[in-house]
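Numbered from 1 within each chain, the chains take letters A, B, ... in sequence-line order.
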Amino acid sequence: MSLSQLPAAAEIVERVQESASIFTLRLRFADEDLQSTYCSAPGQFNMIGLHGVGEVPISIISDPEEGAFIDHTIRAVGRVTHALSALRVGDVVGLRGPYGRGWPLDAAMGDDVVLVTGGLGCAPVVSVIDYVMRRRERFGRLVIIQGVKHAEDLIWRQRYEAWARAPDTQVWLAADVGGPHWAWDVGPVTVLLDHAEFDHAKAHALMCGPEPMMKAVAERLLDDGMPAERLWLSMERNMHCAVGHCGHCQLGPLFVCRDGPVFPYPVLAPWLQHRSL
Amino acid sequence: MASEPGFLPRDGLDRLIEVLRRDGREVIGPRVRDGAIVYAPIATAADLPTGVRDAQSPGAYALNAASSAERQFAWANGPQALKPLVFSPRERLWTSWHAPANGLHFGAAAHTTRPTAVIGVRACDLAALDLQDRHFLREPYADPAYRARRESLFLVAVHCTHPADTCFCVSTGDGPEAAKGFDLALHEIDAGFVVTSGSNAGAEVLASLPLAVPAEAQRDEARAGVAAAAAAQTRRLPARDLRPALLARIEDPHWQVVAERCLSCGNCTAVCPTCFCNAEIEEPVSDGSVSEHFRQWDSCFTAGHSRLHGIVVRADTLARYRQWLIHKLATWHDQYGRSGCVGCGRCIAWCPVGIDLTAEVAVLCDDGEGVAP
Ligand SMILES: Cc1cc2nc3c(=O)[nH]c(=O)nc-3n(C[C@H](O)[C@H](O)[C@H](O)COP(=O)(O)OP(=O)(O)OC[C@H]3O[C@@H](n4cnc5c(N)ncnc54)[C@H](O)[C@@H]3O)c2cc1C
Ligand code: SF4
Ligand code: SF4
Ligand code: FES
């Protein structure tokens, strides 16, 4: 039975507490063959299951070509994610995947890459940042734009600082509510688009986060003259099966698990206009 | 594959059941249970609903005596089609267990299926089965449990001669005559059945039956039966792809009118032979060292269906009824190349408040192409 149909045991080999509620698990399949053949693309996700508790969809943030580990950054928000947050190194989870279609990195090759994320939206694009960093010469400018609600929600400060020092890379951060140690902008992520420098005709914008935020950013970029097919959104919906069977993730005619979670804007646009679809 | 028709006298049905059982098949057929016609194991033709007719209308289903007293298939349908036989209401997908010495293990559920023959399958239900096939057998994620059950089925269709008032399969193009997807198909006439095969397996069964050559009058009677059934249908959906019309009306105020009647109970989804939504649930057993992962039918009318952390995408009944109808009649075209409705009328009869999708479509797409008076 393949890994798309049946989970396999994966051991937690490292665990990092990123903030009060966010943690990163570094996983490795117990079975060596599985680990060495496992292969994902940035933007894809796994179903992470906890014995006796349940499964949740979680983006893969490790570089697909690294191969030795599978990393997941998770926010503890509910039943399954809280239970996952209590796990320690040496504990075992169930893992099946990878699922879905990821970011259009082949299409973006040679072009500027603009990442716009909100909240924990940054998790699915960390894989993209690492991917571009490791293949720097194959891409144009890298623009990293991240918005958070509160200044204290920002994780990975050091990583942002390190990214900001990389060649041809811009980092722009904003919080709706700032704080005493907040050196960046205060306001919605769209204000950051005023600062960002990239070639609107030859860039791909990759977005992840709350739908209203992605919609606002997409509309702003369209106004700025970016072609709609260069805008990409990673969508979230309730998911159970991850293979287009359970129906939970449907958005209009789309199965987000199988046809997405990353979609080109023109595919989503008709469905984003309406609430509660 | 399609054979020359043969004539099976009514008392030959037992012989058919016997032949079907020969290869170890379990035979399932229509039976009266709890005041409805359901598919259940049958032993002989005596178990069939002889002389029974169904009366269906919005929110109502009842069995009565048929005018054609000796007929066994003088009814339209019961609450369930073939769906439970292939897409199980509840089944285990895998089990995980902790072995003290060497960690966590996962075992896929075994699919022990028994060859099964179903007698009395309707054209609408064959069309629905084809849609379920497109959904669950789609590569690269074809579902092994569904496939195992699907491949074990031998289907004996009976062309429909007694549609209910709720039926509208003519307008969806799916009935009353079964066109494909069966192994055998029966036209019920007064004296018995005009039988044809639709597959090699069907032809084999046919060859073991004591068939006569049907008289021309019997063939005429068979044809007239389905023609009358088609003519008897009063409800209809507009005979076109409703996708553009419905999508243009996503914000129509009429959704609120339906929402005020709809109870969000999900009955319509449970009886619909094409609805495929399911939920996966984890159930620890015994001391927790073993855990079972189940899949069971779910409905887009529940809050949990579209729940995300912090929000429910379709938080009210308006959004849920709209999701159901627009998926069924519009976005299904994008997903599976046709509408998701086969005109069986079950959602109309089994809706506790009698909501009739053909009537709602007629109002929403207010263009005179809706329900007939
Ligand atoms: C493609 C995809 C990638 C994701 N990547 C990440 C990630 O990298 N890191 C991260 O922290 N979170 C991620 N999420 C969100 C994560 O799946 C939810 O936070 C998680 O399912 C919540 O489960 P829970 O049992 O803890 O919460 P509860 O609120 O108790 O959830 C209960 C039910 O709702 C479902 N559910 C709740 N929220 C979501 C959601 N957002 N998406 C899908 N189902 C949900 C659960 O599956 C379950 O059925 C991702 C979601 C999707 C769809
Ligand atoms: S929507 Fe109603 S009429 Fe159409 S197939 Fe489903 S139950 Fe039958
Ligand atoms: S339409 Fe009828 S059967 Fe369907 S959820 Fe509403 S009340 Fe229940
Ligand atoms: S998660 Fe089941 S259909 Fe997408």
Side-chain angles (χ1 to χ4, degrees), chain A residues 1-11 30-31 47 49-56 75-81 90-96 99 120 210-211 236-255 257-259 270-271 273-277, chain B residues 87 93-94 96-98 102-108 135-136 138 140-141 143-144 146 243 247 250-251 275-285 288-291 293 295 298-300 304-310 312-316 318-320 322-323 326-327 330-335:
Chain A
M1 191 121 325
S2 85
L3 205 50
S4 69
Q5 279 162 353
L6 184 69
E11 194 188 336
D31 181 312
M47 293 299 288
L50 189 50
H51 176 83
V53 182
E55 285 189 311
V56 284
R75 188 196 289 272
V77 293
R79 207 172 55 83
V80 178
T81 49
D91 286 341
V92 177
V93 297
L95 192 159
R96 59 185 176 100
Y99 295 113
L120 189 60
E211 275 170 47
E236 260 193 27
R237 280 292 181 275
N238 187 315
M239 290 186 180
H240 288 212
C241 68
V243 296
H245 286 170
C246 76
H248 284 264
C249 70
Q250 289 182 93
L251 168 59
L254 309 167
F255 290 96
C257 64
R258 191 191 67 199
D259 305 329
W271 313 106
Q273 284 169 30
H274 305 283
R275 278 173 48 80
S276 308
L277 283 187
Chain B
F87 166 32
L93 295 182
W94 64 75
S96 58
W97 64 95
H98 268 296
N102 56 354
L104 185 65
H105 297 267
F106 292 85
H135 181 70
F136 284 107
R138 182 178 163 138
Y141 297 123
D143 185 72
Y146 181 95
R243 191 180 185 280
L247 295 186
I250 286 182
E251 306 293 351
C275 276
F276 52 67
C277 282
N278 60 81
E280 292 191 18
I281 34 196
E282 193 73 24
E283 288 189 1
V285 291
S289 62
V290 175
S291 183
H293 192 85
R295 153 168 88 189
D298 196 5
S299 169
C300 56
H305 193 272
S306 65
R307 180 167 175 241
L308 292 177
H309 169 68
V312 173
V313 174
R314 292 185 281 277
D316 55 19
L318 182 158
R320 296 183 204 156
R322 182 178 69 177
Q323 163 69 13
I326 288 189
H327 180 218
T331 51
W332 211 292
H333 283 273
D334 302 271
Q335 294 174 337

>> Going by the rule side chain to side chain contact (heavy atoms under 4.5 Å, CB included), which residues pair with A:P210 if we only count those two or more places apart in sequence or in a different chain?
In response: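 So A:P210 forms a side chain to side chain contact (heavy atoms under 4.5 Å, CB included) with A:P212, A:M213.
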
So which part of [X] gets closer than 4.5 Å to some heavy atom of chain A, the side chain, the backbone, both or neither?
X: B:W332; answer: neither
X: B:H333; answer: neither
X: B:R320; answer: neither
X: B:E251; answer: side chain
X: B:I281; answer: neither
X: B:H327; answer: side chain
X: B:I326; answer: neither
X: B:D316; answer: neither
X: B:V285; answer: neither

Closest non-hydrogen atom pair between [X] and [Y], with its separation:
X: B:P284; Y: A:G52; value: CG-O, 3.4 Å
X: A:L6; Y: B:F106; value: CD2-O, 3.9 Å
X: A:H245; Y: B:N278; value: O-ND2, 3.2 Å

Do the side chains of [Y] and [X] get nearer than 4.5 Å, heavy atoms only?
X: A:W271; Y: B:L247; result: yes
X: A:L251; Y: B:V313; result: no
X: B:C300; Y: A:Q250; result: no
X: A:L277; Y: B:R322; result: yes
X: A:R258; Y: B:R138; result: yes

>> Just by distance, no angles: are the side chains of A:H240 and B:D298 close enough, under 3.5 Å, to form a donor-acceptor pair?
In response: no

> Who passes side chain to side chain donor-acceptor pair (under 3.5 Å) against B:H309, sequence neighbours left out?
Replying inline: none

> Step by step, would you call B:S96 with A:H51 a side-chain hydrogen bond (donor to acceptor under 3.5 Å, both in side chains)?
Replying inline: CA-CA 7 Å; B:S96 58; A:H51 176 83; 2.8 Å; yes

Pick from [options]: which one has the most heavy-atom pairs with chain A under 4.5 Å?
options: B:A108, B:G304, B:A319; result: B:A108
options: B:Q323, B:H293, B:H135; result: B:H135
options: B:A330, B:A315, B:S289; result: B:S289
options: B:V290, B:L318, B:V312, B:L93; result: B:V290

Against chain B, label [X] side chain, backbone, both or neither, depending on which of its atoms sit under 4.5 Å from a heavy atom there.
X: A:R275; result: backbone
X: A:E211; result: neither
X: A:A8; result: backbone
X: A:E11; result: neither
X: A:R96; result: side chain

> Taking every heavy-atom pair that is under 4.5 Å apart, which of A:Q5, A:Q273, A:E236, A:M239 has the most such pairs with chain B?
Replying inline: A:Q5

> A:P253, A:P270, A:G247: which one forms the most heavy-atom pairs within less than 4.5 Å of chain B?
Replying inline: A:P253

Spacing of [X] atom [atom1] and [Y] atom [atom2] [to the nearest 0.5 Å]:
X: A:D259; Y: B:Q335; atom1: CG; atom2: CD; result: 8.0 Å
X: B:Y141; Y: A:F255; atom1: OH; atom2: CZ; result: 13.5 Å
X: A:R237; Y: B:S306; atom1: CZ; atom2: OG; result: 8.0 Å

